[in-house]
Amino acid sequence: MGYSSSGGPASAGPGRRRQLALAGSSMLALWLYALYSCAGHCATAPAHERAAPPASSAAAVAVASSAKLRARPELYYYDSGSENNNLNNNDLNGESDGEPERGASALSSLASGAGYRRLPQALIIGVKKGGTRALLEFLRVHPDVRAVGAEPHFFDRNYQNGLQWYRDLMPKTLEGQITMEKTPSYFVTREAPARIYAMSRDTKLIVVVRDPVTRAISDYTQTLSKKPDIPSFESLTFKNRTTGLIDTSWSAIQIGIYAKHLDNWLQYFPMRQILFVSGERLISDPAGELGRVQDFLGLKRIITDKHFYFNQTKGFPCLKKAEGSSKPHCLGKTKGRTHPNIDPEVVQRLRDFYRPFNMKFYQMTGHNFGWD
């Protein structure tokens, strides 16, 4: 073969030209693939920046721990049957790379096991013996609410298990549905606000409150049913019966100091993200209270009077049709227990004790619950 003065081939046969063309095409394909891969990676790269938490060491530790978890994409995935498809970090806020099916096909998709496991967007955080179980059961009638049945106790007892463990407990949801859970002890757990803030500062919080005196007696009644040999309510209430000094270290009393606990939550969440539900009105007007809850969660008002009937035996409203059932449903036998008779003087002492705390709570929430 001859060469030109530039050192290149003077001529090339048809076979040589085909080889050069193939080599050029391969190089172009590799270059386009590399460019496409880079662009896709850059477009989906997780953003680790977020607003600074409140200036407290507890919040800083909780946020740092949560940030490490959010940086791992395997924590958030689209679950279709047994096949897990990774999602990006936006799943924390109910978003994802892919979109679930909508309409009738979405319902069949959920029935067949498809859907997302999301961290909850709303939590029922309290209070114990306030009516949290009733509220959750009523809310589960709504087609756009999906909730865990058992109490996860993640932010008080199981936080060391991590967000992946917590997320795996959640039910699968479709786009537009809300994931919820309820653990009443969160409201009185000092670390809970910072930990929930670290998960998502947009979390909506619901607190069912009840007359703290009645709540304390109900709390005692529950304990008495499990431990019949415990001391009397009166003896547990006072540090000194003669002076009338109330024992605030007893959890049954301490839980009812709502203003004290709310102070802790307001260090992390604005009042607009907290809804206070009246435990008394949940019994006397369940549809009315559920209307407020649905509005707070941004849901259509589907749960109405037609869903309830009043059970005279239990003294509680019951559902005409429970979630996934065509039969009426009342809360279990552990709800609505008969309270023991308490010395009226002790009851009055407790009312006097709680009054200033109640007044502060009314002022903080802008709502008079009528306990005094």
Side-chain angles (χ1 to χ4, degrees), residues 124-135 156 183-193 205-267 269 271 274-284 289 315 335-372:
I124 300 175
I125 60 173
V127 297
K128 180 184 179 185
K129 307 309 296 179
T132 57
R133 173 54 60 183
L135 177 60
D156 57 350
T183 303
S185 53
Y186 290 163
F187 188 63
V188 298
T189 300
R190 188 161 188 81
E191 300 82 8
L205 309 171
I206 300 174
V207 190
V208 187
V209 290
R210 182 184 183 187
D211 180 338
V213 177
T214 309
R215 196 222 66 81
I217 297 172
S218 180
D219 198 336
Y220 173 80
T221 303
Q222 182 183 55
T223 305
L224 184 65
S225 69
K226 300 175 182 177
K227 301 177 181 178
D229 57 344
I230 62 171
S232 68
F233 180 86
E234 290 83 355
S235 63
L236 290 170
T237 297
F238 298 101
K239 281 187 175 180
N240 188 314
R241 180 70 183 269
T242 304
T243 62
L245 183 63
I246 304 293
D247 187 358
T248 57
S249 66
W250 184 29
S251 63
I253 300 296
Q254 194 258 350
I255 290 172
I257 309 175
Y258 303 140
K260 172 187 173 184
H261 305 303
L262 180 55
D263 265 334
N264 189 33
W265 287 89
L266 292 178
Q267 302 301 311
F269 294 94
M271 191 65 80
I274 309 175
L275 178 70
F276 296 92
V277 175
S278 167
E280 287 82 11
R281 280 180 53 81
L282 200 56
I283 296 173
S284 64
E289 285 301 279
K335 307 300 179 183
R337 296 186 183 95
T338 302
H339 292 178
N341 292 322
I342 307 297
D343 184 340
E345 181 188 349
V346 174
V347 173
Q348 188 56 51
R349 289 278 187 92
L350 277 175
R351 295 209 175 280
D352 293 340
F353 166 77
Y354 279 121
R355 187 169 293 110
F357 297 109
N358 290 345
M359 293 298 108
K360 182 180 179 183
F361 184 64
Y362 298 167
Q363 184 179 25
M364 295 171 75
T365 60
H367 183 77
N368 187 330
F369 288 90
W371 300 323
D372 300 284

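Note: hydrogens, waters and symmetry copies are ignored here, and every other heavy atom, side chains too, is used.
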| remark: The complete set of salt bridge (charged side-chain N to carboxylate O under 4.0 Å, His left out) pairs with one or both residues in residues 350-372, sequence neighbours excluded, reads Asp211-Arg351, Asp263-Lys360, Asp352-Arg355, Arg355-Asp372

| note | Contacts of Leu224 meeting side-chain contact (heavy atoms from CB on, under 4.5 Å) (sequence neighbours excluded), chain-then-number -> Tyr220, Ile230

| task | Give the minimum heavy-atom separation between Pro184 and Val127, together with the two atoms involved. | result | CB-C, 3.7 Å

| field | Where Lys129 and Ser218 come nearest, the two heavy atoms and their spacing | value | CE-OG, 3.2 Å

| message | Which heavy atom of Pro340 sits nearest to which heavy atom of Thr221, and what is that distance? | response | CD-OG1, 3.1 Å

| So does Asn240 have more than 12 non-hydrogen atoms from other groups sitting under 6.0 Å from CG? | yes

| query | With sequence neighbours left out, what residues match Arg241 under salt bridge (Lys or Arg N to Asp or Glu O under 4.0 Å)? | reply | Asp343

| field | All side-chain hydrogen bond (donor to acceptor under 3.5 Å, both in side chains) counterparts of Ser232, not counting sequence neighbours | value | Ser235

| message | I'd like to check the side-chain contact (heavy atoms from CB on, under 4.5 Å) partners of Ala134; sequence neighbours left out, ordered by chain and number. | response | Phe138, Leu282, Leu331

| Set of residues satisfying side-chain contact (heavy atoms from CB on, under 4.5 Å) with respect to Leu266, sequence neighbours excluded | Leu262, Met271, Ile274, Met364

| said: Which residues pass the salt bridge (Lys or Arg N to Asp or Glu O under 4.0 Å) test with Arg210, not counting sequence neighbours? | reply: none

| With side chains defined as the heavy atoms from C-beta onward, is the minimum distance between Leu350 and Phe233 less than 4.5 Å? | yes

| Heavy-atom check, side chain of Leu245 versus side chain of Phe238, under 4.5 Å | no

| field | Heavy-atom closest pair, residues Gly130 and Val208 | value | O-CG1, 3.2 Å

| request: Return the set of residues passing ring pair (Phe, Tyr, Trp, His ring centres under 6.0 Å) with His339 (not counting sequence neighbours), or none when no residue passes. | output: none

| message | Surrounding CD of Gln363 (heavy atoms of other residues, nucleotides or ligands, distance under 6.0 Å), is the total greater than 12? | response | no

| request: For Pro212, enumerate each residue passing the side-chain contact (heavy atoms from CB on, under 4.5 Å) test, keeping only those at least two apart in sequence or located in another chain. | output: Tyr258, Tyr354, Asn358, Trp371

| Ring-ring centroid check Phe369 Phe361, cutoff 6.0 Å | yes

| field | Stepwise side-chain contact (heavy atoms from CB on, under 4.5 Å) test for Phe353 and Thr237 | value | CA-CA 11 Å; Phe353 166 77; Thr237 297; over 6 Å; no

| request: Evaluate the criterion side-chain contact (heavy atoms from CB on, under 4.5 Å) for residue pair Val207 and Trp265; output intermediate values, then yes/no. | output: CA-CA 11 Å; Val207 190; Trp265 287 89; over 6 Å; no

| said: Suppose we screen for salt bridge (Lys or Arg N to Asp or Glu O under 4.0 Å). Which residues come up paired with Asp156, at least two apart in sequence or across chains? | reply: none

| field | Polar side-chain atom of Thr223 near backbone of Asp219 as donor-acceptor pair, under 3.5 Å | value | yes

| note | So salt bridge (charged side-chain N to carboxylate O under 4.0 Å, His left out) across residues 230-240, not counting sequence neighbours, yields none

| remark: salt bridge (charged side-chain N to carboxylate O under 4.0 Å, His left out) pairs touching residues 246-257, sequence neighbours excluded, are none

| What's the spacing between Trp250 CH2 and Ile255 CD1 if we round to 0.5 Å? | 10.0 Å

| So do Leu205 and Tyr186 actually touch side chain to side chain, heavy atoms under 4.5 Å? | no

| message | Tell me if a side-chain donor or acceptor on His367 pairs with a main-chain N or O of Val277 at a distance below 3.5 Å. | response | no

| message | Looking at every non-hydrogen atom in both residues, tell me the closest pair between Ile342 and Val347 and how far apart they are. | response | CG2-CG2, 3.9 Å

| said: What's the separation between atom CD1 in Ile253 and atom OG1 in Thr248, rounded to the nearest 0.5 Å? | reply: 9.0 Å

